[in-house]
2 protein chains.
Amino acid sequence: MKRDTRQRQAIRRVLEDAGRPLGPHEVLEAAREHHAGLGIATVYRTLKAMVEDGALAQVELPGEPPRYEINGKRHHHHFHCRACDRVYELEGCPEGLRGLTPAGFSLESHEVVLYGRCAACAS
Amino acid sequence: MKRDTRQRQAIRRVLEDAGRPLGPHEVLEAAREHHAGLGIATVYRTLKAMVEDGALAQVELPGEPPRYEINGKRHHHHFHCRACDRVYELEGCPEGLRGLTPAGFSLESHEVVLYGRCAACAS
DNA sequence: GTCGTTGCAAAGCGTTTGCAGCCTA
DNA sequence: TAGGCTGCAAACGCTTTGCAACGAC
(Lines give C-alpha, C1' and ligand atoms only; values in the text may rest on other atoms or scores of the structure.)
Protein backbone atom coordinates (compact mmCIF):
# COMPACT_ATOMS: atom_id res chain seq x y z
CA MET A 1 0.00 0.00 0.00
CA LYS A 2 2.62 2.53 -1.00
CA ARG A 3 0.64 4.39 -3.64
CA ASP A 4 -2.72 6.05 -3.38
CA THR A 5 -4.35 5.15 -6.66
CA ARG A 6 -7.74 6.03 -8.04
CA GLN A 7 -8.83 2.41 -7.57
CA ARG A 8 -7.90 2.36 -3.91
CA GLN A 9 -9.62 5.66 -3.26
CA ALA A 10 -12.80 4.26 -4.78
CA ILE A 11 -12.66 1.05 -2.75
CA ARG A 12 -11.91 2.83 0.51
CA ARG A 13 -14.66 5.33 -0.02
CA VAL A 14 -17.26 2.65 -0.75
CA LEU A 15 -16.47 0.88 2.50
CA GLU A 16 -16.48 4.10 4.49
CA ASP A 17 -19.86 5.09 3.09
CA ALA A 18 -21.48 1.66 3.51
CA GLY A 19 -21.43 1.49 7.31
CA ARG A 20 -21.86 -2.27 7.11
CA PRO A 21 -19.71 -5.16 5.88
CA LEU A 22 -19.55 -5.64 2.11
CA GLY A 23 -18.46 -8.60 0.01
CA PRO A 24 -15.93 -8.30 -2.85
CA HIS A 25 -18.60 -8.16 -5.54
CA GLU A 26 -20.64 -5.58 -3.66
CA VAL A 27 -17.47 -3.51 -3.38
CA LEU A 28 -16.72 -3.92 -7.08
CA GLU A 29 -20.17 -2.83 -8.15
CA ALA A 30 -20.24 0.21 -5.89
CA ALA A 31 -16.64 1.22 -6.57
CA ARG A 32 -17.18 1.16 -10.32
CA GLU A 33 -19.41 4.19 -9.90
CA HIS A 34 -16.33 6.08 -8.75
CA HIS A 35 -13.90 4.42 -11.14
CA ALA A 36 -15.35 2.56 -14.12
CA GLY A 37 -13.14 -0.19 -15.47
CA LEU A 38 -12.10 -1.36 -12.03
CA GLY A 39 -11.24 -5.06 -12.11
CA ILE A 40 -12.31 -7.73 -9.65
CA ALA A 41 -8.69 -8.83 -9.17
CA THR A 42 -7.80 -5.37 -7.93
CA VAL A 43 -10.67 -5.48 -5.47
CA TYR A 44 -9.47 -8.79 -4.05
CA ARG A 45 -5.86 -7.60 -3.89
CA THR A 46 -6.78 -4.30 -2.30
CA LEU A 47 -9.12 -5.79 0.29
CA LYS A 48 -6.47 -8.30 1.26
CA ALA A 49 -3.81 -5.61 1.54
CA MET A 50 -6.06 -3.33 3.59
CA VAL A 51 -6.76 -6.17 6.02
CA GLU A 52 -3.03 -6.79 6.39
CA ASP A 53 -2.50 -3.08 6.96
CA GLY A 54 -5.18 -3.13 9.64
CA ALA A 55 -7.40 -0.67 7.77
CA LEU A 56 -10.13 -3.26 7.27
CA ALA A 57 -11.54 -6.11 9.30
CA GLN A 58 -12.56 -9.34 7.65
CA VAL A 59 -16.06 -10.40 8.71
CA GLU A 60 -16.60 -14.14 8.43
CA LEU A 61 -20.12 -15.44 8.84
CA PRO A 62 -21.10 -19.13 8.77
CA GLY A 63 -21.56 -20.44 5.25
CA GLU A 64 -20.80 -17.07 3.68
CA PRO A 65 -17.82 -15.75 1.77
CA PRO A 66 -15.91 -13.06 3.75
CA ARG A 67 -17.12 -9.47 3.90
CA TYR A 68 -15.10 -6.42 4.83
CA GLU A 69 -15.68 -3.45 7.10
CA ILE A 70 -13.70 -0.44 8.28
CA ASN A 71 -11.55 -1.44 11.22
CA GLY A 72 -11.04 0.36 14.49
CA LYS A 73 -14.45 -0.22 15.96
CA ARG A 74 -14.73 -1.83 19.33
CA HIS A 75 -15.70 -5.46 19.81
CA HIS A 76 -19.08 -6.17 18.22
CA HIS A 77 -21.18 -8.82 16.53
CA HIS A 78 -23.44 -9.00 13.51
CA PHE A 79 -27.05 -9.45 12.49
CA HIS A 80 -27.70 -11.17 9.17
CA CYS A 81 -31.04 -10.35 7.53
CA ARG A 82 -32.46 -13.45 5.87
CA ALA A 83 -34.62 -11.37 3.53
CA CYS A 84 -32.19 -8.87 2.02
CA ASP A 85 -28.96 -10.71 2.90
CA ARG A 86 -27.47 -7.56 4.40
CA VAL A 87 -25.30 -7.70 7.50
CA TYR A 88 -25.63 -5.12 10.28
CA GLU A 89 -23.42 -4.37 13.23
CA LEU A 90 -24.59 -5.03 16.78
CA GLU A 91 -23.35 -3.50 20.00
CA GLY A 92 -22.78 -5.50 23.12
CA CYS A 93 -22.17 -9.12 23.93
CA PRO A 94 -24.22 -11.95 25.38
CA GLU A 95 -23.45 -13.25 28.86
CA GLY A 96 -22.63 -16.69 30.12
CA LEU A 97 -20.17 -17.65 27.40
CA ARG A 98 -17.63 -18.77 29.94
CA GLY A 99 -20.21 -21.10 31.40
CA LEU A 100 -20.59 -22.96 28.09
CA THR A 101 -16.92 -23.87 27.98
CA PRO A 102 -16.20 -27.49 28.96
CA ALA A 103 -13.84 -28.20 31.84
CA GLY A 104 -10.20 -28.17 30.75
CA PHE A 105 -10.89 -26.06 27.65
CA SER A 106 -9.44 -22.55 27.50
CA LEU A 107 -11.69 -19.90 26.01
CA GLU A 108 -9.91 -17.28 23.92
CA SER A 109 -12.60 -15.60 21.84
CA HIS A 110 -16.09 -16.00 20.46
CA GLU A 111 -18.37 -15.18 17.57
CA VAL A 112 -22.09 -14.46 17.76
CA VAL A 113 -24.36 -14.06 14.76
CA LEU A 114 -28.04 -13.26 14.99
CA TYR A 115 -30.45 -14.09 12.16
CA GLY A 116 -33.86 -12.69 11.34
CA ARG A 117 -35.28 -9.71 9.54
CA CYS A 118 -33.98 -6.18 9.63
CA ALA A 119 -36.29 -3.25 10.29
CA ALA A 120 -36.77 -2.57 6.59
CA CYS A 121 -37.65 -6.20 5.78
CA ALA A 122 -39.72 -6.92 8.89
CA SER A 123 -42.46 -4.46 8.00
CA MET B 1 -31.46 -42.65 -0.47
CA LYS B 2 -33.28 -45.79 -1.61
CA ARG B 3 -30.42 -48.24 -1.50
CA ASP B 4 -28.13 -49.12 1.33
CA THR B 5 -24.78 -49.42 -0.37
CA ARG B 6 -21.38 -50.26 1.00
CA GLN B 7 -20.29 -46.65 0.47
CA ARG B 8 -23.19 -45.24 2.46
CA GLN B 9 -22.65 -47.69 5.27
CA ALA B 10 -19.03 -46.59 5.49
CA ILE B 11 -19.91 -42.87 5.50
CA ARG B 12 -22.68 -43.23 8.07
CA ARG B 13 -20.50 -45.31 10.35
CA VAL B 14 -17.65 -42.80 10.25
CA LEU B 15 -19.96 -39.98 11.32
CA GLU B 16 -21.57 -42.06 14.05
CA ASP B 17 -18.18 -43.02 15.46
CA ALA B 18 -16.70 -39.51 15.29
CA GLY B 19 -18.99 -37.82 17.81
CA ARG B 20 -18.01 -34.44 16.38
CA PRO B 21 -18.58 -32.65 13.07
CA LEU B 22 -16.40 -33.80 10.17
CA GLY B 23 -15.60 -32.19 6.83
CA PRO B 24 -15.96 -34.01 3.50
CA HIS B 25 -12.27 -34.85 3.26
CA GLU B 26 -12.12 -36.10 6.84
CA VAL B 27 -15.10 -38.31 6.02
CA LEU B 28 -13.44 -39.56 2.82
CA GLU B 29 -10.21 -40.46 4.54
CA ALA B 30 -11.91 -42.25 7.42
CA ALA B 31 -14.51 -44.00 5.26
CA ARG B 32 -11.86 -45.39 2.93
CA GLU B 33 -10.75 -47.61 5.77
CA HIS B 34 -14.13 -49.29 5.55
CA HIS B 35 -14.44 -49.15 1.77
CA ALA B 36 -11.27 -48.49 -0.21
CA GLY B 37 -11.86 -46.89 -3.60
CA LEU B 38 -14.55 -44.61 -2.28
CA GLY B 39 -14.70 -41.43 -4.38
CA ILE B 40 -14.93 -37.86 -3.16
CA ALA B 41 -17.95 -37.21 -5.40
CA THR B 42 -19.86 -39.96 -3.62
CA VAL B 43 -18.98 -38.42 -0.26
CA TYR B 44 -20.35 -35.04 -1.32
CA ARG B 45 -23.47 -36.57 -2.84
CA THR B 46 -24.14 -38.76 0.18
CA LEU B 47 -23.59 -35.99 2.72
CA LYS B 48 -25.94 -33.73 0.81
CA ALA B 49 -28.60 -36.44 0.55
CA MET B 50 -28.32 -37.29 4.25
CA VAL B 51 -28.79 -33.64 5.15
CA GLU B 52 -31.91 -33.50 2.97
CA ASP B 53 -33.18 -36.69 4.60
CA GLY B 54 -32.63 -35.13 8.01
CA ALA B 55 -30.09 -37.77 9.02
CA LEU B 56 -27.24 -35.25 9.21
CA ALA B 57 -26.95 -31.63 10.24
CA GLN B 58 -24.70 -29.25 8.35
CA VAL B 59 -22.41 -27.34 10.69
CA GLU B 60 -21.28 -24.02 9.25
CA LEU B 61 -18.54 -22.14 11.08
CA PRO B 62 -17.20 -18.72 10.07
CA GLY B 63 -14.56 -18.95 7.37
CA GLU B 64 -14.71 -22.73 7.28
CA PRO B 65 -16.14 -25.15 4.75
CA PRO B 66 -19.20 -27.02 6.10
CA ARG B 67 -18.85 -30.00 8.40
CA TYR B 68 -21.43 -32.66 9.11
CA GLU B 69 -22.72 -34.29 12.26
CA ILE B 70 -25.42 -36.82 13.18
CA ASN B 71 -28.71 -35.03 13.53
CA GLY B 72 -31.35 -35.35 16.21
CA LYS B 73 -29.47 -33.66 18.98
CA ARG B 74 -31.06 -30.74 20.73
CA HIS B 75 -30.03 -27.13 20.10
CA HIS B 76 -26.35 -26.66 20.75
CA HIS B 77 -23.29 -24.66 19.72
CA HIS B 78 -19.68 -25.44 18.96
CA PHE B 79 -16.16 -24.91 20.22
CA HIS B 80 -13.39 -24.67 17.63
CA CYS B 81 -9.92 -25.59 18.86
CA ARG B 82 -7.34 -23.30 17.27
CA ALA B 83 -4.56 -25.81 17.85
CA CYS B 84 -5.94 -29.06 16.42
CA ASP B 85 -8.72 -27.50 14.32
CA ARG B 86 -11.27 -29.92 15.75
CA VAL B 87 -14.81 -28.84 16.50
CA TYR B 88 -16.60 -29.93 19.69
CA GLU B 89 -20.22 -29.71 20.70
CA LEU B 90 -21.31 -27.45 23.54
CA GLU B 91 -24.44 -27.65 25.64
CA GLY B 92 -26.48 -24.63 26.58
CA CYS B 93 -26.90 -21.13 25.26
CA PRO B 94 -25.73 -17.67 26.29
CA GLU B 95 -28.24 -15.17 27.64
CA GLY B 96 -29.10 -11.68 26.56
CA LEU B 97 -29.28 -12.33 22.82
CA ARG B 98 -32.63 -10.64 22.58
CA GLY B 99 -31.13 -7.55 24.14
CA LEU B 100 -28.55 -7.22 21.32
CA THR B 101 -31.24 -7.00 18.65
CA PRO B 102 -31.85 -3.46 17.38
CA ALA B 103 -35.31 -1.95 17.63
CA GLY B 104 -37.53 -2.99 14.74
CA PHE B 105 -35.47 -6.07 13.90
CA SER B 106 -37.05 -9.50 14.41
CA LEU B 107 -34.78 -12.16 15.86
CA GLU B 108 -35.32 -15.66 14.46
CA SER B 109 -32.22 -17.63 15.37
CA HIS B 110 -28.59 -17.35 16.35
CA GLU B 111 -25.18 -18.95 16.10
CA VAL B 112 -22.48 -18.96 18.75
CA VAL B 113 -18.96 -20.24 18.23
CA LEU B 114 -16.30 -20.31 20.92
CA TYR B 115 -12.60 -20.39 20.09
CA GLY B 116 -9.65 -21.47 22.16
CA ARG B 117 -7.88 -24.67 23.05
CA CYS B 118 -9.47 -27.99 23.82
CA ALA B 119 -8.50 -30.01 26.88
CA ALA B 120 -6.00 -32.09 24.91
CA CYS B 121 -4.28 -29.06 23.36
CA ALA B 122 -4.38 -26.78 26.42
CA SER B 123 -2.09 -28.96 28.49
C1' DG C 1 12.17 7.19 -14.80
C1' DT C 2 11.18 3.69 -11.30
C1' DC C 3 8.70 0.25 -9.79
C1' DG C 4 4.34 -0.39 -7.28
C1' DT C 5 -0.21 -1.22 -9.20
C1' DT C 6 -3.66 -2.60 -12.58
C1' DG C 7 -6.61 -5.37 -15.86
C1' DC C 8 -6.84 -9.34 -18.39
C1' DA C 9 -6.70 -14.02 -18.80
C1' DA C 10 -5.09 -18.28 -17.11
C1' DA C 11 -4.49 -21.10 -13.18
C1' DG C 12 -6.08 -22.93 -8.64
C1' DC C 13 -9.04 -25.16 -5.50
C1' DG C 14 -12.93 -27.17 -3.52
C1' DT C 15 -17.47 -28.65 -4.99
C1' DT C 16 -20.86 -30.23 -8.43
C1' DT C 17 -22.38 -32.68 -12.49
C1' DG C 18 -22.63 -35.84 -16.88
C1' DC C 19 -22.24 -40.30 -18.09
C1' DA C 20 -21.32 -45.22 -18.76
C1' DG C 21 -20.95 -49.17 -15.96
C1' DC C 22 -22.03 -51.35 -11.50
C1' DC C 23 -24.76 -53.55 -7.95
C1' DT C 24 -28.73 -53.44 -4.67
C1' DA C 25 -33.37 -54.81 -4.15
C1' DT D 1 -33.64 -57.18 -14.50
C1' DA D 2 -34.45 -52.19 -13.48
C1' DG D 3 -32.85 -48.17 -12.19
C1' DG D 4 -30.59 -46.03 -8.27
C1' DC D 5 -25.68 -45.40 -7.20
C1' DT D 6 -20.71 -44.97 -8.14
C1' DG D 7 -16.18 -43.38 -9.91
C1' DC D 8 -14.01 -40.77 -13.22
C1' DA D 9 -13.21 -36.68 -15.41
C1' DA D 10 -14.97 -32.46 -17.01
C1' DA D 11 -17.41 -28.37 -15.62
C1' DC D 12 -18.22 -24.68 -12.22
C1' DG D 13 -17.85 -20.52 -9.37
C1' DC D 14 -15.07 -17.88 -6.77
C1' DT D 15 -10.44 -16.42 -5.65
C1' DT D 16 -5.58 -16.00 -6.75
C1' DT D 17 -1.66 -15.34 -9.77
C1' DG D 18 1.48 -14.26 -14.04
C1' DC D 19 2.54 -10.75 -16.91
C1' DA D 20 2.90 -6.70 -19.80
C1' DA D 21 1.24 -2.01 -19.69
C1' DC D 22 0.13 1.89 -16.80
C1' DG D 23 0.70 5.78 -13.74
C1' DA D 24 1.82 7.73 -8.82
C1' DC D 25 5.59 9.71 -6.79
Side-chain angles (χ1 to χ4, degrees), chain A residues 1-16 18 21-69 80 85-87, chain B residues 1-16 18 21-69 80 85-87:
Chain A
M1 299 295 285
K2 304 196 173 174
R3 293 184 187 172
D4 188 27
T5 64
R6 220 170 268 266
Q7 290 87 338
R8 289 180 183 174
Q9 289 164 20
I11 291 170
R12 192 183 325 115
R13 185 166 164 193
V14 160
L15 285 157
E16 283 167 355
L22 300 180
H25 293 274
E26 283 179 295
V27 171
L28 176 66
E29 197 175 344
R32 275 187 168 160
E33 297 191 8
H34 299 298
H35 180 82
L38 176 64
I40 186 68
T42 299
V43 173
Y44 279 106
R45 277 188 286 233
T46 303
L47 292 174
K48 190 176 180 183
M50 289 177 79
V51 168
E52 285 169 1
D53 284 9
L56 293 184
Q58 198 168 15
V59 177
E60 308 253 36
L61 300 187
E64 299 278 318
R67 299 166 200 235
Y68 299 83
E69 66 184 8
H80 189 169
D85 202 43
R86 284 194 180 131
V87 172
Chain B
M1 298 295 283
K2 305 197 172 174
R3 293 186 186 170
D4 187 27
T5 63
R6 222 168 265 267
Q7 289 88 338
R8 290 180 182 174
Q9 289 164 20
I11 291 170
R12 191 181 328 115
R13 184 166 166 192
V14 160
L15 285 158
E16 283 168 355
L22 301 180
H25 292 276
E26 283 177 296
V27 171
L28 177 66
E29 197 175 343
R32 274 187 168 160
E33 297 191 7
H34 299 298
H35 181 81
L38 176 64
I40 186 67
T42 298
V43 172
Y44 279 106
R45 278 189 285 233
T46 303
L47 292 174
K48 191 176 180 183
M50 290 177 79
V51 168
E52 286 169 359
D53 284 8
L56 294 184
Q58 197 167 14
V59 178
E60 308 254 35
L61 300 187
E64 299 277 319
R67 300 167 198 234
Y68 299 84
E69 67 184 7
H80 190 169
D85 202 42
R86 284 194 181 134
V87 172

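Numbers restart at 1 for each chain; the letters A, B, ... are given by sequence-line order, proteins then strands.
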*Asks:* Nearest-Å distance, NZ (A:Lys48) to C1' (C:dT6)?
*Replies:*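 That distance rounds to 16 Å.
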*Asks:* Whole angstroms only, please: what is the CG-P distance between B:Leu38 and C:dC22?
*Replies:*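 In whole Å, C:dC22 P and B:Leu38 CG are 18 Å from each other.
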*Asks:* If you pin A:Met1 and B:Pro66 to their nearest nucleotides in DNA chain C, which one's is more 5'?
*Replies:*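 Taking each residue's closest nucleotide, the earlier one in sequence belongs to A:Met1.
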*Asks:* Find the distance B:Asp53:CG to D:dG4:P and express it as a whole number of Å.
*Replies:*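 Roughly 15 Å, once rounded to whole Å.
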*Asks:* Whether B:Arg8 contacts D:dG4 is assessed here as follows: a side-chain N or O lying under 4.0 Å from the phosphate OP1 or OP2. Is that the case?
*Replies:*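 The answer is no; no side-chain N or O of B:Arg8 sits under 4.0 Å from OP1 or OP2.
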*Asks:* Treating primed atoms plus P, OP1 and OP2 as sugar-phosphate and everything else as base, which nucleotides of nucleotides 19-24 of chain D get B, S or - for protein heavy atoms under 4.0 Å?
*Replies:* ----BB
*Asks:* Rounded to whole Å, please give me the gap between CE in B:Met50 and C1' in D:dC5.
*Replies:*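 These atoms are roughly 15 Å apart.
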*Asks:* Any side-chain heavy-atom pair from A:Tyr68 and A:Val27 closer than 4.5 angstrom?
*Replies:*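 No - every pair of side-chain heavy atoms lies 4.5 Å or more apart.
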*Asks:* For residues 7-16 of chain B, which side-chain N or O atoms pair as donor and acceptor with protein atoms under 3.5 Å away, sequence neighbours left out?
*Replies:*
{"unit_1": "B:Arg8", "atom_1": "NH1", "unit_2": "B:Arg3", "atom_2": "O", "d": "3.2"}
{"unit_1": "B:Gln9", "atom_1": "NE2", "unit_2": "B:Asp4", "atom_2": "OD2", "d": "3.4"}
{"unit_1": "B:Arg12", "atom_1": "NH2", "unit_2": "B:Asp4", "atom_2": "OD1", "d": "3.0"}

*Asks:* Is any side-chain heavy atom of A:Pro62 less than 4.5 Å from a side-chain heavy atom of B:Leu61?
*Replies:*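 No, their side chains stay 4.5 Å or more apart.
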*Asks:* At under 4.0 Å between heavy atoms, which parts of nucleotides 9-14 of chain D does protein reach? Answer with one letter per nucleotide, 5' to 3': B base, S sugar-phosphate only, - none.
*Replies:* -----S
*Asks:* Do the side chains of B:Val59 and B:Pro66 get nearer than 4.5 Å, heavy atoms only?
*Replies:*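 Contact flag for B:Pro66/B:Val59 side chains = no.
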*Asks:* Starting at CG of A:Leu28 and ending at C1' of C:dC8, how long is that distance when rounded to a whole Å?
*Replies:*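 Atom CG in A:Leu28 sits about 14 Å away from atom C1' in C:dC8.
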*Asks:* First locate atom CE of A:Met50, then atom CD of A:Glu52, and finally report the distance between them rounded to the nearest 0.5 Å.
*Replies:*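 Result: 12.0 Å between the selected atoms.
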*Asks:* With no hydrogens and no angle check, is any side-chain donor or acceptor of A:Arg32 less than 3.5 Å from a backbone partner on A:Leu38?
*Replies:*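 Side chain of A:Arg32 to backbone of A:Leu38: a pair is present.
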*Asks:* Expressed as a whole number of angstroms, how long is the span from B:Glu29:CD to C:dG14:C1'?
*Replies:*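 Roughly 16 Å, once rounded to whole Å.
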*Asks:* Does atom CZ of A:Arg86 have more than 12 heavy-atom neighbours, drawn from other residues, nucleotides or ligands, at distances under 6.0 Å?
*Replies:*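 At most 12 heavy atoms, drawn from other residues, nucleotides or ligands, come within 6.0 Å of this atom.
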*Asks:* Under the 3.5 angstrom rule, does the side chain of A:Glu26 hit a backbone N or O of A:Gly23 as a donor-acceptor pair?
*Replies:*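 Between the backbone of A:Gly23 and the side chain of A:Glu26 there is a qualifying donor-acceptor contact (under 3.5 Å).
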*Asks:* Do the side chains of B:Arg67 and B:Leu22 get nearer than 4.5 Å, heavy atoms only?
*Replies:*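 No, too far: nothing below the 4.5 Å cut-off.
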*Asks:* Rounded to whole Å, please give me the gap between CD in B:Glu64 and P in C:dC13.
*Replies:*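 To the nearest whole Å, that distance equals 18 Å.
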